[in-house]
Amino acid sequence: MSLTVRLLLVCLLLPVWAYAVPCADWPMWRDFEQRFIQADGRVMADESEQHYSTSEGQAYALFFSLVANDKNAFERILGWTRDNLAGGDLSARLPAWQWGKRADGTWGVADQNSASDADTWLAYTLLEAGRLWHEPRYTAQGNLLLANIRLHLVRNFSGLGMMLIPAVSGFDLAESGARFNPSYYPVQLFRVFAKTDSNARWDEIIENSFALIKAAAPHGYVPDWQGYVPGTGFMPDLKSGDAGTHDAIRVYLWWGMLDRHDPMAMRLKKVLYGMNQWIPRYEITPPLSVEARTGQVSGVSPPGFSAALLPYFATMDNKRALHLQSERMIAYQFDGLIGQDPRYYDQVLTLFGQGWLAHYFSFSSQGQLVVQWNSSCSAKK
């Protein structure tokens with residue numbers, strides 16, 4: 001039995017105070033780094049012929065390297081992201097969301113558009129790295145990136161108010177409406193932004209993102225996308241309908257990791273009840289897809305969905321469902337990673353879900369990152 005599996009089993013049995021192991025290593029991060037991160041800091045998020053890397057993959061890896069107190073990996077990941085997705089300057093432009101082999105056979109940015117979920121995770125991680133590592137350079141970079149997010153990705157919608165849009169372009173609807181992705185609004189991150197940059201009215205964005213999720217989830221399940229048109233309000237997305245799949249699973253993950261004292265925690269709990277009722281009442285594994293408007297479910301999800309729901313079921317205090325998903329993670333673990341053919345998305349969901357459950361990290365009621373290592377731990381160079 002691997003160290004990661006043994007750790008997870010211990011986590012389910014020990015009280016919270018027993019987790020504090022200063023300067024502890026994170027085995028799964030090491031396995032992920034070896035398998036998915038190149039020496040230059042590029043995260044391999046796709047194994048197609050194009051071998052795409054994404055701003056999301058870079059942002060998540062940057063966050064995990066901070067949690068692991070791995071400054072060497074942090075610098076490599078940040079450097080590749082800056083040089084290849086932002087033209088060498090993250091203060092001057094938002095990072096492109098996709099990089100890889102282009103149609104003409106050359107390598108580089110394949111889609112210049114941004115992705116606001118990646119941008120917010122990057123800004124948050126830089127701000128928290130500056131605070132935790134006492135490094136003003138990271139804080140400054142985080143502030144500049146956040147200013148760019150405010151300038152290009154925050155918009156005031158008639159009848160709704162301030163909202164974070166998914167990207168600079170490509171998501172507009174008629175009559176000054178837009179498509180929104182409910183998984184792009186982790187409350188923890190926006191709490192820190194509200195303290196850092198009051199000009200963007202992040203508290204208002206938090207409230208409006210709750211309105212979005214509440215309107216989209218009449219049966220406790222969230223879709224991947226939701227539309228909004230002034231004068232009409234929220235509506236099913238015109239392109240993807242109301243199906244909740246690989247994007248939506250993160251909504252339950254972000255909420256599960258939200259500090260219970262956050263004012264939004266109980267309000268979201270009353271909205272996001274679907275998975276808690278489904279498992280184990282009807283099935284033992286999460287569905288691949290849920291129709292948010294009807295509550296109809298279909299398909300068998302990959303193991304990463306179970307990992308994403310670990311914090312959710314822990315916070316819901318659904319011990320039976322938590323145990324079933326933990327067992328599924330053990331059954332799918334091979335050589336430190338999840339799945340016999342490990343896929344990037346399963347691994348990042350697992351790093352979030354298992355990492356939080358094992359108390360490698362958590363979030364304070366103010367949204368700040370709380371790490372297992374402390375100030376006496378030297379960052380890995």
Side-chain angles (χ1 to χ4, degrees), residues 54-56 93-98 111-121 123 145-187 189-190 193-194 197-251 254-255 264 267-268 270-272 274 289-296:
T54 63
S55 56
E56 171 205 285
R93 66 186 70 180
L94 295 170
W97 85 271
Q98 189 179 65
D111 190 331
Q112 189 64 54
N113 207 11
S114 65
S116 63
D117 63 329
D119 299 338
T120 52
W121 275 100
L145 180 53
L146 193 57
N148 256 331
I149 292 170
R150 169 164 47 85
L151 181 64
H152 297 290
L153 297 174
V154 174
R155 186 185 300 172
N156 195 354
F157 289 87
S158 176
L160 177 62
M162 290 294 184
M163 199 64 168
L164 179 76
I165 59 176
V168 173
S169 62
F171 295 89
D172 292 336
L173 294 177
E175 302 178 23
S176 300
R179 303 172 65 213
F180 296 119
N181 188 315
S183 72
Y184 282 24
Y185 304 97
V187 174
L189 279 57
F190 296 179
F193 296 165
D197 178 18
S198 60
N199 291 323
R201 291 155 55 181
W202 289 100
D203 287 330
E204 182 179 336
I205 295 173
I206 292 172
E207 285 294 328
N208 292 335
S209 68
F210 172 76
L212 163 70
I213 292 172
K214 183 179 180 181
H219 295 278
Y221 299 108
V222 183
D224 290 337
W225 291 90
Q226 180 84 339
Y228 176 82
V229 173
T232 301
F234 293 110
M235 62 183 66
D237 184 60
L238 297 177
K239 292 187 177 181
S240 62
D242 58 7
T245 59
H246 291 80
D247 277 3
I249 195 67
R250 295 178 296 190
V251 177
W254 305 152
W255 173 78
M264 193 57 69
R267 295 170 66 188
L268 281 168
K270 294 177 180 178
V271 172
L272 300 175
S289 180
V290 177
E291 296 296 320
R293 291 286 161 183
T294 65
Q296 295 297 308

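Looking only at side-chain heavy atoms (C-beta outward), Asn113 and Ser169 come within less than 4.5 Å of each other. Using a 4.5 Å heavy-atom threshold, the side chains of Thr120 and Phe193 count as touching. Between Arg250 and Tyr184 there is a side-chain heavy-atom pair separated by less than 4.5 Å. The shortest side-chain heavy-atom distance between Pro223 and Asp237 does not fall under the 4.5 Å cut-off. Residues Tyr185 and Leu212 are in side-chain contact: their nearest non-hydrogen atoms beyond the backbone lie under 4.5 Å apart. Annotation: side chain of Asp197 is in contact with side chain of Trp202 (closest heavy-atom distance under 4.5 Å). Residues Val271 and Trp255 are not in side-chain contact: their nearest non-hydrogen atoms beyond the backbone lie 4.5 Å or more apart.
Scanning all heavy atoms of the two residues, the minimum distance from Ala216 to Ala292 falls at O-CB, 3.4 Å. Leu173 approaches Gly227 most closely through the heavy-atom pair CD1-CA, 4.1 Å. Closest approach of Leu94 and His152 over heavy atoms only: CD1-CB, 3.9 Å. Contact record, Ser114 with Leu153: OG-CD2, 3.8 Å, taken as the closest heavy-atom pair. Of all the heavy atoms in Met264 and Val187, the pair that sits closest is CG-CG2, 4.1 Å. When every heavy atom of Phe157 is checked against every heavy atom of Ser176, the shortest pair comes out as CD2-O, 3.5 Å.
Taking CZ of Arg201 as the start and CD of Glu207 as the end, the distance is 13.0 Å to the nearest 0.5 Å. For the atom pair CD of Gln112 and CD of Gln98, the computed distance is 11.5 Å after rounding to the nearest 0.5 Å. Atom OG of residue Ser289 and atom NE2 of residue His246 lie 9.5 Å apart, to the nearest 0.5 angstrom. To the nearest 0.5 Å, atoms CH2 (Trp225) and CZ (Phe171) are separated by 4.0 Å. Considering NE2 of His219 and OG1 of Thr294, their distance stands at 6.5 Å, rounded to 0.5 Å. Rounded to the nearest 0.5 angstrom, Gln226 CD and Met235 CE are separated by 8.5 Å.
Scanning for side chain to side chain donor-acceptor pair (under 3.5 Å) contacts around Asn181 gives Ser183, Asp247, with sequence neighbours left out.
Without hydrogens or angle criteria, Asp224 side chain to Ala248 main chain gives a donor-acceptor distance under 3.5 Å.
In this pair, Trp254 and Trp121 present their aromatic rings tilted. The plane angle is within the 30 to 60° band.
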Stepwise side-chain contact (heavy atoms from CB on, under 4.5 Å) test for Ile149 and Leu164: CA-CA 9 Å; Ile149 292 170; Leu164 179 76; 3.9 Å; yes
